[in-house]
Each structure stands twice: as C-alpha cells, then as structure tokens.
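Worksheet for the structure shown next.
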Amino acid sequence: MARQERIGVFVCHCGNNIAGTVDIERVVEELSHYPGVVHVEDYMYMCSDPGQELMRKAIQEKALTGIVNANCSPTLHQRTFRRVAEAEGLNPYCVEIANIREQCSWPHADDKETATRKAIAIIKATVEKLRFNMALTPTVTPLTKRVLVIGAGIAGIQAALDIANGGYGVVLVEQDIGIGGHVMQLAGTFPSLEQPDSLIASRLAEVASHPLVKLYTYAEVEEVSGYVGNFDVKIRQKAGYINRGRCNACGMCLEKCPVLVSSEYDCGLSQRKAIRLPSPAALTFHPVIDVEHCLHFNGSQCQACCEVCPEGAIDFSEEDTFVEERIGVVVAAPGYDLLPVGQPEAYPEDPDIIDGLKFERILSATGPTNGEIRRPSDGKVPREVVFISCVGSRDPEHGVPYCSRVCCMYVAKQALLYRQAVPEGQAYIFYMDIRSDAKGFEEFVQDVMDEGGILYLRGEVSRMFRDGDKIKVWGVDTLIGRNIEISADLVVLARAMVPRPTTRELTRKLNIASDAHGFLTEAHIKLRPVESLTSGIYLAGTAQWPRDLPDTIASAEAAASKVLSLFSREELLHEPTIAWVDEEICSGCEQCVANCTYKAIEVDKRSNVARVNEAICEGCGSCAAICPSNAVQLKNSTPRQFFEIIDVAAG
C-alpha cells in the first residue's frame with residue numbers, strides 16, 4: 001500500500017459556519033508543520049469556482065499526491081473536489097473530506113477553543129487515513145436496457161408507459177387476471193369527481209398494445225438474481241386451464257358453469273362463476289378457472305365448460321410454466337389492501353357495515369347495482385348513512401399507528417356522491433381530524449360541509465350494533481360535548497390502507513427492505529424517495545406508504561425518470577470502495593456470507609475462499625466487522641487506517 005507523502009490541505013471557512021467557531025489561522029499554522037503535508041491553504045468557499053481553482057493550481061505547482069478538504073459533510077461536496085483532482089491527473093480516491101462543520105463547528109458553536117482543537121485533530125486523522133489510500137478505479141459493468149415492472153395497477157402502468165415511451169423494453173408482471181388495480185373499482189376521484197374509467201382507459205389500452213411492453217397477467221415473480229444492469233428474472237405463469245391462444249371470448253363456458261361464488265371485483269356484492277374474468281374495463285380478456293371453487297378440481301366429474309367450448313380451449317391438465325427474462329432494473333409497485341374485516345374488533349361483522357371500497361362498487365355505474373344506492377342486506381335505499389374515518393388508522397392498539405392519508409378525502413367524496421344519488425338521504429361523518437393537504441382538497445371538503453344533508457361529527461364511535469333493520473351507532477361529538485345516537489341504514493368504514501400480504505415475500509425475492517408494517521422502504525425519505533437500498537430496484541405507488549391517485553402517479557413517474565436517467569449511460573460505473581478478501585487468510589467459514597445484506601459474497605466451493613461480487617457490494621463493511629480472521633477488509637478503510645486515526649485522535 002503506497003503512502004501519500006505530498007499532501008495538500010484546503011480549509012474552508014464556509015462563510016461564518018466554520019470560521020465563526022473555528023480559529024482558521026491556527027488550524028492552517030498547525031497543519032503546515034504536520035509530516036507529509038506540503039501545502040495548506042484556506043478560502044472563504046472552497047466549493048466555489050475560485051476555491052476549486054486554488055486546488056488545481058496547488059496540484060500542479062506542488063505535485064500533490066493526495067488532498068484533504070476540511071469543510072462540510074462529504075455527502076455535499078466530496079464528488080465536486082474529486083472531479084477537480086481527477087481533471088488534474090490525480091486519482092479521485094486520493095481525496096478525502098475532513099468534516100469540520102457538522103462534526104465540529106456546529107456542535108461546539110459556544111466553545112471556540114474546543115472546536116479549534118477538534119478541527120485540528122479531525123484534519124490530522126484524515127491525513128493519516130489518506131496516507132494509506134489506494135488509487136482506485138470504478139468497476140465497469142454492462143447495462144441491459146430493459147425493465148421489470150412488478151404490479152400493473154395505476155403506478156405500474158404509468159411507470160411502464162413512461163419507460164416504454166422513452167424507447168426501452170418493459171416486462172410488466174401482474175399477479176391478478178386483469179390490469180388496473182383498485183382504481184378500476186372506484187366510482188369517482190376527488191376533488192374533481194371524474195370517472196376513473198375515463199381517466200385511465202387510454203393508459204390501459206396503450207400499455208396492453210404497446211410494442212415495447214411485454215405483459216404477463218396471472219403471473220408472479222418467482223426468483224430474481226444478479227445485480228443492477230444484469231438481473232435474471234424467473235416468472236411463474238400460473239395455469240389458468242384455458243388456452244389463451246384458442247379462447248375466442250365467446251362466453252359459452254360462463255353460461256354453462258353451475259358454480260356461483262362471491263366476486264372479488266365487486267367486493268362480494270355480486271356473484272361470479274368458477275371461471276374468472278378480468279374487470280370489464282381491463283381490456284385484457286384472459287379468463288382463468290378458479291380451482292378453489294371449480295367442481296372438477298374438488299372431487300366432481302363436472303366438465304360443463306369443456307363440453308360446451310367450441311374451440312377446445314379448456315385444458316384441465318395445464319400446469320404452471322416458467323419464463324426467464326434478462327433485465328437491467330426493477331420497479332416494484334405491488335399495491336395495497338385494506339385492513340381485513342374483523343379488525344378492529346369493535347366493529348361487528350354485518351352485511352350493512354361495509355368498507356369504503358365496497359361502497360365505491362355500490363356508487364359505481366359499473367357496479368352490481370348500476371350506480372343505484374342499495375344496501376347489501378335487503379336491497380333497500382339507505383336513507384341514513386354513517387361514515388366513520390380512521391378505522392384502524394392512527395390506532396396502534398387496535399390497528400396501525402400511521403395515517404392512511406386518503407380516508408378524509410374519499411369519505412367526503414363518497415358522502416357527496418351518496419347525496420347526489422339519494423337527495424333526500426342524510427349522511428353523517430365521524431372524524432378525528434380532517435387532513436386535506438393537497439391542491440384543491442381543502443376547498444373540496446368545505447364544499448362538502450356546506451352541502452345540505454351531510455353532517456360532520458368530530459369524535460369517535462364507541463359502539464355499533466344491529467337493532468332490527470337498523471344499525472345503532474353510538475358516538476360523541478366533542479365540539480358540542482354531547483353523546484350521539486344514530487339509527488343508520490348503512491355504515492361505511494374507512495379502513496386503514498395496508499401492504500398486500502404478498503409484499504413481504506416480494507421483499508425477500510428482491511432483497512430490499514420493508515418497514516415494521518410491511519411497506520417497502522426507500523433509501524432516503526427525502527433525498528432518494530423512490531430508490532431502494534439495493535441498486536437498480538426502484539419503488540412506486542402505495543406499496544411504499546398510503547397515497548392518493550395523484551401522488552401514486554407522481555411516484556411512478558419519478559421511478560421511471562430514475563430508470564431513464566440510468567439508461568442514458570452506455571455502461572455502469574460502480575464505486576470501488578468495496579470489500580476485498582485476503583485469500584491466504586480466509587478460512588471459508590461463511591460468516592460474511594450470512595451477514596451480507598446485499599448477498600454480494602459467496603464461498604467458492606473448490607477453493608473454500610470467499611469471493612466478493614464487485615458489482616453488488618455496496619461497501620457497508622458488515623463483512624469486515626464480522627470476519628473472525630480479518631480476511632475481509634474494505635478498500636481505503638482498512639484496520640491499519642483506523643488504528644492510525646485512533647492514534648491521532650487519542651493524542
């Protein structure tokens with residue numbers, strides 16, 4: 001390991017952020033006599049063009065072999081200074097940052113002496129680390145310019161279209177039999193009350209016919225291996241027992257099927273046959289046989305569909321098939337579900353106590369009642385409807401602690417749509433707070449409040465029970481300090497949004513993180529909001545956290561823009577400050593393999609030595625920390641460098 005012996009130190013005032021606390025002149029004087037340092041200079045803003053010019057000049061005139069920039073956090077300007085050094089022929093990894101702002105001047109703003117001594121120690125420690133830095137070169141990896149999008153709800157569709165319209169191939173995988181997601185079930189959108197069909201029909205048609213989009217429905221991702229730019233994906237195409245190439249969508253099998261079960265699309269408000277069809281507006285007509293309810297798969301000899309099919313498309317012997325695709329990046333948009341019925345336990349199960357999504361189907365012109373408001377139990381028009389917000393949301397004891405964000409708005413929308421359909425009806429809305437925090441939302445809520453026949457009650461419901469053909473609702477209005485009792489015909493619960501049960505398994509397959517609730521976790525909530533911690537895997541839609549339709553589309557477009565930015569390169573450059581293995585010391589114990597979050601290490605079975613996949617390793621250092629023989633080390637962060645830093649810091 002070569003020692004850097006002609007080191008330049010550049011101290012930044014950062015306006016008054018550093019110079020107001022640290023004695024810059026004393027720092028410069030102290031470092032000018034430090035071994036190996038041949039040039040020390042300070043400037044008001046080293047990141048400015050004049051400051052960078054001082055660096056260029058010193059590199060050339062003093063033949064510097066290494067540079068320490070004493071300034072702010074390396075996340076801000078390390079790349080800036082490394083580019084300056086590289087332009088002058090100096091290896092960029094021979095440039096180190098000594099953070100004397102966030103780690104020194106700011107925390108010691110009231111103690112100039114302590115701040116100055118600490119700044120000197122930090123810079124000296126950084127010089128010692130730099131002495132043993134290696135001149136590194138980024139790893140170059142090829143880039144497959146093709147994308148896997150998981151989930152064909154509105155987020156997945158939007159991301160797929162943006163990427164495909166940018167000229168790149170997309171593999172779109174949807175686990176359901178149709179595309180569109182929950183948006184297809186809605187009766188309208190807030191605050192404009194537009195019909196979802198008119199909003200996304202063009203997108204559905206475009207994605208289904210786009211020449212660069214390869215669509216898999218009734219399929220799921222089985223396995224993902226590889227790394228950014230070069231992922232190998234195995235997709236399971238689930239058996240539908242109806243040959244897609246032969247089926248002509250005549251519908252005769254549906255007519256003859258004797259089985260009736262609850263429709264998932266209509267949330268159990270209507271019935272379907274044991275042959276499932278996508279939603280009417282989904283555009284992809286690929287029926288499948290529901291083996292859970294089909295008589296043929298449950299001990300009967302029924303072959304009604306097979307006997308009537310004129311094309312011989314029914315194939316009870318069909319099996320799942322597997323398809324392999326090579327892609328470069330992944331966009332995960334698996335969507336959401338609602339908190340299951342029965343949670344919280346305070347709300348009893350009753351046909352006239354329904355969730356918001358089920359009420360959307362009642363309101364919808366394409367729903368089981370064709371838009372007529374009829375309660376499920378007896379088909380009567382409900383004259384009094386109670387809406388309850390935050391059912392399971394913001395309730396860590398009985399549900400989830402977070403806000404589901406959309407409930408306040410869709411409850412207002414549903415109450416308004418109900419009043420428009422039943423002008424003589426009365427709507428009551430129990431709420432804790434109203435969170436209307438986007439463009440046009442507050443005005444929309446105020447308009448709903450001003451609408452006759454809609455009464456907002458600030459308070460919670462304490463009890464709800466069946467009383468004849470009514471649902472008794474006991475609650476409280478905290479604004480007037482009175483108990484409230486309502487004899488409702490229908491109760492609508494705004495249940496919390498939660499991740500799909502399959503999302504946890506997806507995180508395992510993709511090797512990405514999820515939070516305590518199961519939502520996909522971004523790399524940084526502010527700076528990298530649509531990136532996962534695994535390079536090349538991006539996040540979109542409600543799988544990250546509860547979102548409304550505009551936010552969902554915005555997140556999908558953001559993920560697509562990150563993909564298009566990545567694809568603007570011909571090849572990928574990977575940071576070289578990663579782990580490496582001393583093969584003479586490695587015992588092949590595999591502790592590093594088990595501890596690697598990124599699955600970047602594996603043990604060669606023939607040599608019994610650990611190998612690091614340089615394209616996957618993110619340089620987190622967990623393998624180096626756990627290795628019992630110190631065979632694994634990080635480039636430019638070796639134990640010797642840390643011991644040198646400790647010696648200086650200890651005085």
Side-chain angles (χ1 to χ4, degrees), residues 154-155 158 182-183 185-196 198-200 336 338-339 355-357 359-360 363-364 385-395 399-423 425-461 475-481 484 486 491-497 519 525-526 529 541-542 544-558:
I154 188 60
Q158 186 65 51
H182 286 304
V183 174
Q185 298 173 285
L186 303 184
T189 60
F190 54 80
S192 60
L193 300 183
E194 290 178 272
Q195 294 291 322
S198 63
L199 283 175
I200 68 168
Y336 75 93
L338 295 182
L339 198 67
D355 61 41
L357 207 53
F359 194 57
E360 291 284 346
L363 291 167
S364 176
V385 178
V386 172
F387 296 87
I388 305 176
S389 296
C390 298
V391 175
S393 297
R394 303 170 63 193
D395 186 359
V400 295
Y402 55 82
C403 170
S404 291
R405 300 186 68 209
V406 299
C407 308
C408 294
M409 295 305 301
Y410 83 64
V411 162
K413 175 201 72 175
Q414 290 180 345
L416 184 59
L417 291 175
Y418 163 72
R419 282 280 298 147
Q420 291 175 354
V422 187
Q426 175 67 50
Y428 305 89
I429 300 177
F430 283 91
Y431 71 99
M432 287 196 286
D433 301 293
I434 297 176
R435 299 184 172 184
S436 49
D437 59 351
K439 184 177 181 179
F441 284 13
E442 180 62 23
E443 296 88 339
F444 178 76
V445 171
Q446 289 300 322
D447 289 343
V448 172
M449 286 183 170
D450 294 339
E451 175 80 14
I454 299 177
L455 180 61
Y456 272 79
L457 303 169
R458 190 179 189 278
E460 295 188 25
V461 171
V476 63
D477 187 339
T478 59
L479 294 181
I480 60 175
I484 303 293
I486 301 170
V491 177
V492 180
L493 307 178
R495 292 190 180 277
M497 291 176 68
F519 288 110
I525 196 168
K526 289 181 171 61
T542 52
Q544 265 187 283
W545 62 70
R547 285 184 162 114
D548 60 15
L549 191 55
D551 277 357
T552 296
I553 292 176
S555 73
E557 291 179 333

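All of these numbers come straight from a predicted model, not from anything done at the bench.
Residues satisfying the ring-ring contact (aromatic ring centres under 6.0 Å, His included) test with Tyr428, not counting sequence neighbours, are none. By the side-chain hydrogen bond (donor to acceptor under 3.5 Å, both in side chains) test, Asp395 is found to be paired with His398, residues two or more places apart in sequence or in another chain being considered. Residues passing the side-chain contact (heavy atoms from CB on, under 4.5 Å) test with Val476, sequence neighbours excluded: Thr478, Asn483. The ring-ring contact (aromatic ring centres under 6.0 Å, His included) test applied to Phe430 returns no partner, not counting sequence neighbours. Residues satisfying the side-chain contact (heavy atoms from CB on, under 4.5 Å) criterion with Thr552, sequence neighbours excluded, are Ile154, Ala155, Thr542, Arg547. Looking at residues two or more places apart in sequence or on another chain, you find no side-chain hydrogen bond (donor to acceptor under 3.5 Å, both in side chains) involving Gln426. With sequence neighbours excluded, the residues forming a salt bridge (charged side-chain N to carboxylate O under 4.0 Å, His left out) with Asp551 are Arg405, listed by chain and number. Checked against side-chain hydrogen bond (donor to acceptor under 3.5 Å, both in side chains), Ser393 has the following partners two or more places apart in sequence or in another chain: Ser404. Remark: Asp433 engages Arg394, Arg458 in a side-chain hydrogen bond (donor to acceptor under 3.5 Å, both in side chains) (not counting sequence neighbours). Legend: residues meeting ring-ring contact (aromatic ring centres under 6.0 Å, His included) with Tyr402, ordered by chain and number and at least two apart, are His517, Phe519. Residues satisfying the ring-ring contact (aromatic ring centres under 6.0 Å, His included) test with Phe387, not counting sequence neighbours, are Phe359.
Pairs engaging residues 446-455 under the side-chain hydrogen bond (donor to acceptor under 3.5 Å, both in side chains) rule: Glu442-Gln446 [sequence neighbours left out].
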